[in-house]
Amino acid sequence: MKKIFIGFILIFVTSFFCGFSAAGQKQDLLRLPFSQYVLNADMYDGTTNWKYSETLGHSESIINPPKPGEHWDIWYKKLKDYQAFVREHLNDTSAYFIELIFDKTNKTTINFNKVAFAMKVAPSEKITVDGILNVKEGRVKVFIDFQFKHAGEEISNPVRKTIPGTDYFLAEDKIAKFSKEITVPYFNADSFSVVPVVRIESVDSAKTRVNIRGLNLSLPSNPARRERYHELVEMFIPASNAIDRQLYDRPEMQWLKKNFIMGFAFIWDNDFWDHTTSKYKVKAYCDKMKREFGGFQSVMIWHSYPNIGIDEKNQFDYFYNMPGGGVKALASVVKEFHNNGVKAILIYNPWDVDTRHSDTTDFKTYPGIIGKTNADGLFMDVGTYGMGFQPELDKYKRGVTVGPELSPLLQCAQGPQAVTSSWAQTVKPVNNQGVLALKWIIPDHLQLRITRFSRDRQNDLAFTWLNGQGAIVWENVFGIMYKWNAKDRQTIRIMNAIWQQFYPLYTSDTWKPYLPVSNPLVNTSSWENNEMRIWNVVASTSLKTGSVEFDADNRFVQYYDLWTGKKLEVVNGKINLNIDRFGCVVGLRKSPAKEILSLLKKQQAEQAKPLPVNDGYTKVLSIKEAKLPNPVVNMVNQNLYSGLLKLNGATYHFTVKHTQREGDCYPDQDAAKETDYKFVRENGFYFIIHHQNITLPSFSIMPGVITNGEFETFLVKSGYQPKNADNYLKHWKGNICPASIKNDPVVYVSLEDARAFAQWAGMRLPTEWEWQAAAETQGERFVINKVWEWNESERYDGYNRFVTLRGGCESWTLKTSRWYFGGGTSYFKNAPGGKEPIDFHCKYFLMYEGLDRASTIGFRCLR
């Protein structure tokens with residue numbers, strides 16, 4: 001099993017300071033070793049995988065099931081040998097390697113982002129990258145590139161500039177060692193940070209396979225670098241090669257063993273916040289989820305994307321601006337979730353670097369919010385590892401889990417800064433089968449399955465049931481409802497009841513996957529202790545009236561079908577189970593305890609429930625049509641404004657581009673379904689294309705947006721006071737408009753504020769089609785892009801309330817992430833923010849006035 005190339009063992013990792021010149025004289029260097037805590041491999045196309053075995057078929061996240069005809073005992077022994085080996089050598093740099101298979105692409109990159117930025121690589125200094133490649137098939141070239149990020153953005157995704165290396169090492173021998181000393185290009189160290197990147201390209205057109213068993217970066221030592229190195233060294237050179245379970249074994253972390261179902265609470269969702277009553281609905285939300293899913297054990301409170309980036313509000317400001325008192329209100333929400341038996345997880349966006357900079361680091365700010373709210377977890381959006389949060393979190397609460405969206409590497413799921421929970425979103429099963437590698441090594445790390453855009457979850461539930469894992473219930477995908485159908489809800493209710501009863505078994509080290517059974521379409525896993533054994537049974541597809549037979553365990557005398565609640569008989573040492581898609585059997589040494597009897601009764605009652613013919617739970621309101629504008633009722637001031645642009649009534653055909661983002665938009669009027677959209681691909685990006693035919697009556701519209709001075713006049717003459725004054729006219733910094741900004745567009749006004757002004761002026765806000773008609777026909781007289789503009793495009797599907805803002809804000813330009821408001825990259829520019837074309841709009845979610853108001857949104861009126 002243990003096939004280790006002795007020559008690959010890196011003696012450098014036993015010392016902090018290593019490295020020798022060509023002449024053999026010792027240099028003062030710091031060496032970052034070959035470690036999953038040091039290196040990031042480009043895993044998204046399946047080209048690269050961290051592996052511990054060349055004999056067991058597996059990827060980073062999945063161990064392959066037995067091959068057809070393979071004897072189960074032999075396969076299971078290999079599986080157990082692999083488990084024992086990895087647990088003893090998980091941190092042994094000689095035990096693991098990166099496997100590269102070039103069949104989908106001819107190149108990949110491996111970077112040192114995780115720690116190299118912390119070393120503050122300086123311009124013009126000499127660094128060394130060395131490694132050992134085991135060439136299995138083909139040949140590869142190894143280049144060293146340099147990637148630059150803006151200072152302060154090191155933990156985020158955007159790369160500002162890449163300087164590709166031109167010199168390369170050709171690896172064509174079976175064992176190919178290389179060592180390259182490179183001079184760091186000159187750059188402004190006050191503005192940028194740099195990291196070396198190893199680029200590997202296949203030379204041959206045929207399939208290429210290469211294993212990397214060593215890849216190290218050596219840097220000149222200095223006092224600041226040595227200090228930072230010592231802070232990080234326990235991560236990438238642990239004291240023991242064996243797995244470190246210190247976080248999992250904490251008493252405060254034991255709640256994670258029950259965490260089989262996590263809900264997703266979108267703060268703009270009417271199930272979470274009722275804008276009509278201005279109240280949180282936590283109790284009603286929890287009751288609904290108990291009724292439909294059997295209850296959640298935890299819930300993720302999503303608070304930022306896709307509105308973040310509308311202005312300088314950063315991800316923490318969305319907490320500070322929660323209705324009812326900001327972080328204090330959020331603490332009350334968390335407390336109510338706790339009162340309903342649900343843990344609360346907050347979100348962290350590492351890519352948020354363009355908005356307002358916090359007064360301290362994210363690693364201190366976020367744990368502080370966790371401490372003030374008593375939340376139970378931190379979810380790493382687009383993350384894979386725990387970064388530096390755990391030591392700070394421990395100062396406030398020792399039971400906080402850090403969990404990433406992407407499947408973590410094994411080393412990153414253990415140790416003092418382990419991610420102790422994760423999503424199985426990027427796990428790639430083999431024909432919906434396979435053993436979750438992370439659970440096989442760490443059985444109490446629940447990796448929750450999710451396919452966010454699916455409307456049929458039976459395959460996901462089959463995969464997670466076989467692996468004894470849980471699932472994410474995510475129905476509001478950033479504004480588009482993917483409601484669980486009745487069959488899926490009933491399935492997970494049954495699973496949930498079993499998970500909560502038998503969670504100590506499912507998180508124990510007794511898992512036996514892919515047990516031999518009579519039906520080739522059925523797979524079975526079991527878990528056991530001295531008192532009972534439980535079998536999870538899964539068919540690869542619905543069998544309708546199928547059955548499966550497998551061996552009973554002679555240690556147990558009574559058997560029950562936990563899926564249906566019925567008692568089972570053992571005939572000739574065999575259990576015969578009727579199955580459609582799922583099943584569950586428990587064997588007991590003695591008569592069932594009252595808790596199990598109660599579960600059996602509950603499952604019988606569940607099976608007796610007929611699935612609804614017309615499932616009201618999945619219904620959403622149509623958003624084809626926007627809410628009609630309120631009629632103008634104040635005629636006193638209708639002639640207050642002159643110089644309006646006049647448009648004669650006409651029939652228009654409008655085309656609008658909407659950058660495709662999670663949450664999509666609204667359907668055209670002729671769409672067959674609410675989720676039918678017309679897509680187009682331009683310059684590598686997808687857009688939703690709206691087509692609107694509409695006859696507009698004659699109207700007159702303001703050529704520009706309302707100014708601060710004009711809004712001040714409205715306040716003085718009308719005495720208007722908003723129902724909620726959070727962030728109202730925040731830029732005035734008082735009740736009086738500063739003279740210096742009187743002619744600037746008024747901002748920090750809500751849609752309600754804008755409507756109130758329009759009514760006072762004897763006008764109303766334009767619809768987005770009236771706005772576009774004016775913009776297309778009036779040319780430069782219709783001034784746009786000073787600010788985003790409110791308009792009458794409000795839509796509500798029963799869960800999400802939103803408008804589609806028009807124009808753009810030329811004074812607010814972002815630099816980086818495509819996830820920022822505005823759609824990331826528009827079809828005519830490379831970053832979000834700034835000016836937008838006439839035929840562009842962006843979906844903006846409405847929660848309450850305080851959060852809706854922004855420094856980039858104003859309005860104009862028409863009559």
Side-chain angles (χ1 to χ4, degrees), residues 306-313 317 321 354-356 641 644-645 656 659 701-715 722 727-733 737-738 740-758 761 763-768 770-772 774-775 778 780-794 802-814 820-823 826 828-829 831-846 849-862:
N307 274 14
I308 189 170
I310 184 63
D311 64 1
E312 67 278 0
K313 286 193 295 291
D317 291 322
N321 285 275
D354 272 358
T355 54
R356 183 181 70 86
Y641 285 89
L644 302 184
L645 303 176
V656 179
T659 306
I701 192 168
M702 290 179 169
V705 293
I706 298 299
T707 66
N708 288 295
E710 290 170 325
F711 200 83
E712 185 180 40
T713 299
F714 155 63
L715 296 182
N727 291 322
Y728 177 58
L729 298 175
K730 179 180 176 180
H731 60 309
W732 287 14
K733 299 180 180 178
C737 175
S740 61
I741 64 171
K742 281 186 181 289
N743 293 324
D744 293 341
V746 67
V747 292
Y748 284 116
V749 288
S750 67
L751 181 58
E752 292 78 8
D753 300 330
R755 285 170 173 163
F757 177 98
M763 295 190 277
R764 62 171 174 82
L765 302 183
T767 66
E768 65 171 322
E770 290 166 335
W771 187 97
Q772 186 167 341
Q778 299 300 308
E780 293 182 357
R781 293 185 298 170
F782 189 81
V783 181
I784 66 171
N785 282 316
K786 295 298 182 183
V787 287
W788 289 97
E789 297 183 41
W790 293 115
N791 60 81
E792 294 293 358
S793 56
E794 182 180 349
F802 68 92
V803 294
T804 43
L805 297 180
R806 289 304 193 117
C809 184
E810 61 188 7
S811 63
W812 175 246
T813 302
L814 300 161
Y820 280 126
F821 181 84
S826 184
F828 68 106
K829 57 186 180 179
K835 294 182 178 180
E836 300 289 356
I838 292 170
D839 62 344
F840 180 85
H841 72 189
C842 197
K843 188 175 182 180
Y844 186 67
F845 289 94
L846 303 174
E849 292 95 323
L851 198 60
D852 299 346
R853 295 182 179 113
S855 67
T856 60
I857 306 178
F859 67 97
R860 74 180 78 212
C861 306
L862 67 70

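If you're wondering where the values come from, they're calculated on a predicted model, not measured in any experiment. Numbers for residues simply follow the sequence, beginning at 1. What you see below is based on every heavy atom in this structure, not just the backbone, and it leaves out hydrogens, waters and symmetry mates.
Side-chain atoms of D744 never come within 3.5 Å of backbone atoms of N708 as a donor-acceptor pair (strictly under, hydrogens ignored). Using modelled atom types, no side-chain atom of Y728 and backbone atom of S750 make a donor-acceptor pair closer than 3.5 Å. No side-chain donor-acceptor contact under 3.5 Å links T804 to the backbone of S793. A distance-only check finds a donor-acceptor pair linking the side chain of E712 to the backbone of C737 [under 3.5 Å]. Remark: side-chain polar atoms of R860 are paired, donor with acceptor, to backbone N or O of P703 under 3.5 angstrom. Although no hydrogens or angles enter the test, the distance criterion places a donor-acceptor pair under 3.5 Å between the side chain of W812 and the main chain of G309. The backbone N or O of F845 lies less than 3.5 Å from a partner atom in the side chain of N307, making a donor-acceptor pair.
Closest approach of P766 to I701, counting heavy atoms only: CB-CD1, 4.0 Å. Closest approach of N321 and D317 over heavy atoms only: ND2-O, 2.6 Å.
Within the model, atoms CG of L765 and CD of E792 stand 5.0 Å from one another, a figure rounded to the nearest 0.5 Å. With values rounded to the nearest 0.5 angstrom, C861 atom SG is found 12.0 Å from R755 atom CZ. Rounded to the nearest 0.5 angstrom, L729 CG and R853 CZ are separated by 7.5 Å. Taking CD1 of I838 as the start and CD of Q772 as the end, the distance is 8.0 Å to the nearest 0.5 Å. Between L846 atom CG and E794 atom CD the span is 6.0 Å, to the nearest 0.5 Å.
The residues E836 and R806 are annotated as not salt-bridged, no charged nitrogen and carboxylate oxygen being separated by less than 4.0 angstrom.
Contact of the I310 side chain with the L805 side chain is registered, since non-hydrogen atoms from C-beta on lie closer than 4.5 Å. Counting heavy atoms from C-beta outward, M702 and L644 have side chains that approach closer than 4.5 Å. Counting heavy atoms from C-beta on, the side chains of D753 and E849 never come closer than 4.5 Å. M763 is not listed as a side-chain neighbour of L862, based on a closest heavy-atom distance of 4.5 Å or more. Within the 4.5 Å cutoff, side-chain heavy atoms of V746 are placed close to those of F859. Within the 4.5 Å cutoff, the side chain of T856 has no heavy atoms near those of the F821 side chain. Counting heavy atoms from C-beta on, the side chains of I857 and V749 never come closer than 4.5 Å. Side-chain contact between H731 and V747 is present, with at least one heavy-atom pair separated by less than 4.5 Å.
In this pair, Y641 and F757 present their aromatic rings tilted. The plane angle is within the 30 to 60° band. Aromatic ring pairs are classed by plane angle as parallel below 30°, tilted from 30° to 60° and perpendicular above 60°; the pair W788 and F840 is tilted.
Of the candidates K730, K313, E312, S855 forms a side-chain hydrogen bond (donor to acceptor under 3.5 Å, both in side chains) with just one, namely E312.
With sequence neighbours excluded, no residue satisfies side-chain hydrogen bond (donor to acceptor under 3.5 Å, both in side chains) with W790.
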